[in-house]
Amino acid sequence: MNRKMVRAIALAGFGLVVVLAGLWQGRAEDSKASYQRMAPLDQYLIADRNTEMALARSAAPESISRDVEVLILGQHGYETAVKGKNGFVCLVERSWMLPYDDPEFWDPKVRLPLCLNPPAARSHLPLTRNQTELALSGLSKAQMFDRTKTAFEKNELPVPEPGSMCYMMSKQQNFGPKYGNADPHLMFWFPRKGDINWGADFPGSPVDVHQYSPQPITEFDISVSKWSDGTAAPRD
């Protein structure tokens with residue numbers, strides 16, 4: 001009798017392991033598959049306008065963000081929520097502004113608050129609006145890539161103006177599960193060029209460089225020591 005009971009318990013335990021393993025695998029596959037295409041639009045929207053406005057402003061120190069124009073994402077793209085006075089524009093970009101090969105490209109939890117200086121508001125914001133329009137129109141990543149490449153080739157999208165940069169210093173920014181809120185940093189945009197003149201990505205250099213195809217743009221990122229609220233950021 002005891003051996004029968006032990007065998008029954010062992011079989012039951014094995015069955016539970018199999019069931020749990022199947023559930024885990026199914027959830028892992030669901031998670032992996034969930035970002036292969038755009039989720040329902042409502043998952044990317046922030047229901048409360050004031051919450052999104054505050055998140056957008058949190059990208060830069062208050063001395064800058066208090067007088068900015070603020071954009072929020074609506075059903076048909078970005079809308080002006082507040083008119084600005086200093087030429088800066090703050091908004092929360094969504095996952096489709098990540099590189100095309102980023103696995104979080106369609107992750108609805110990604111939130112990227114940034115404040116654009118006036119040159120970037122004129123030359124980077126058109127790209128943000130364009131990518132948002134393409135995403136909301138239901139295009140696939142491959143289709144968006146091709147449309148973006150063509151738009152730059154036909155000069156329908158501008159390259160960065162001299163001096164284009166933005167602040168990304170929000171504690172609430174979310175780049176996805178791999179990087180989380182990353183670190184506070186500044187981004188500088190240029191028409192594509194060699195990064196050796198900046199010493200970017202050299203050992204010990206605080207300057208990171210990114211070139212995201214198909215955009216003919218070089219992006220330099222420089223980490224800073226504080227979040228926009230003045231508190232110290234963790235150091236590596």
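The structure presented is a predicted model; accordingly, all values stated were derived computationally and were not measured. Numbering starts at 1 and runs along the sequence shown.
Residue pairs meeting the disulfide (SG to SG under 2.5 Å) criterion with at least one member in residues 37-147, sequence neighbours excluded, are Cys90-Cys115. Residue pairs meeting the disulfide (SG to SG under 2.5 Å) criterion with at least one member in residues 123-161: none, sequence neighbours excluded.
Remark: Phe88 pairs with no residue by the ring pair (Phe, Tyr, Trp, His ring centres under 6.0 Å) rule, at least two apart or across chains. With sequence neighbours excluded, the residues satisfying side chain to side chain donor-acceptor pair (under 3.5 Å) with Thr80 are Glu69. Partners of Glu156 according to the side chain to side chain contact (heavy atoms under 4.5 Å, CB included) rule, which considers only residues two or more places apart in sequence or in another chain, are Ala151, Lys154. Taking the ring pair (Phe, Tyr, Trp, His ring centres under 6.0 Å) definition, one finds that Tyr212 meets it with His210, sequence neighbours left out. Partners of Cys166 under the disulfide bond (SG atoms under 2.5 Å apart) rule, at least two apart in sequence or in another chain, do not exist in this structure. The side chain to side chain contact (heavy atoms under 4.5 Å, CB included) test applied to Lys226 returns no partner, not counting sequence neighbours. Remark: Pro119 pairs with Asn117, Arg122, Glu161, Ser164 by the side chain to side chain contact (heavy atoms under 4.5 Å, CB included) rule, at least two apart or across chains. Judged as a side chain to side chain donor-acceptor pair (under 3.5 Å), and not counting sequence neighbours, the contacts of Gln143 are Ser140. In this structure Tyr179 satisfies the side chain to side chain contact (heavy atoms under 4.5 Å, CB included) test together with Phe175, sequence neighbours excluded.
Between Ser65 and Tyr167, the side chains place no donor N or O within less than 3.5 Å of an acceptor N or O (distance only, hydrogens not considered).
Of all heavy-atom pairs between Ser228 and Ser170, the closest is OG-CA, 4.4 Å.
Side chains of Arg111 and Arg94 form a contact here, defined as non-hydrogen atoms less than 4.5 Å apart. Using a 4.5 Å cut-off on side-chain heavy atoms (C-beta onward), Glu104 and Lys178 make no contact. Between Met169 and Pro61 there is a side-chain heavy-atom pair separated by less than 4.5 Å. The side-chain heavy atoms of Ile72 and Ile46, taken from C-beta on, include no pair separated by under 4.5 Å. Residues Leu116 and Leu91 meet the side-chain proximity criterion, which asks for heavy atoms closer than 4.5 Å. Side-chain contact check for Leu139 versus Trp96: every heavy-atom pair is 4.5 Å or farther apart. The closest side-chain heavy-atom distance from Leu71 to Thr128 is not below 4.5 Å.
Open room surrounds CD on Glu133; 12 or fewer heavy atoms of other groups in view lie less than 6.0 Å from it.
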Counting only pairs under 3.5 Å, give me each side-chain donor-acceptor contact of residues 38-45, with atom names and distances, residues two or more places apart or in other chains.
from	atom 1	to	atom 2	distance (Å)
Tyr44	OH	Ala39	N	3.0
Tyr44	OH	Trp106	O	2.7

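One N or O on the side chain of Thr148 and one on the backbone of Met144 form a donor-acceptor pair closer than 3.5 Å.
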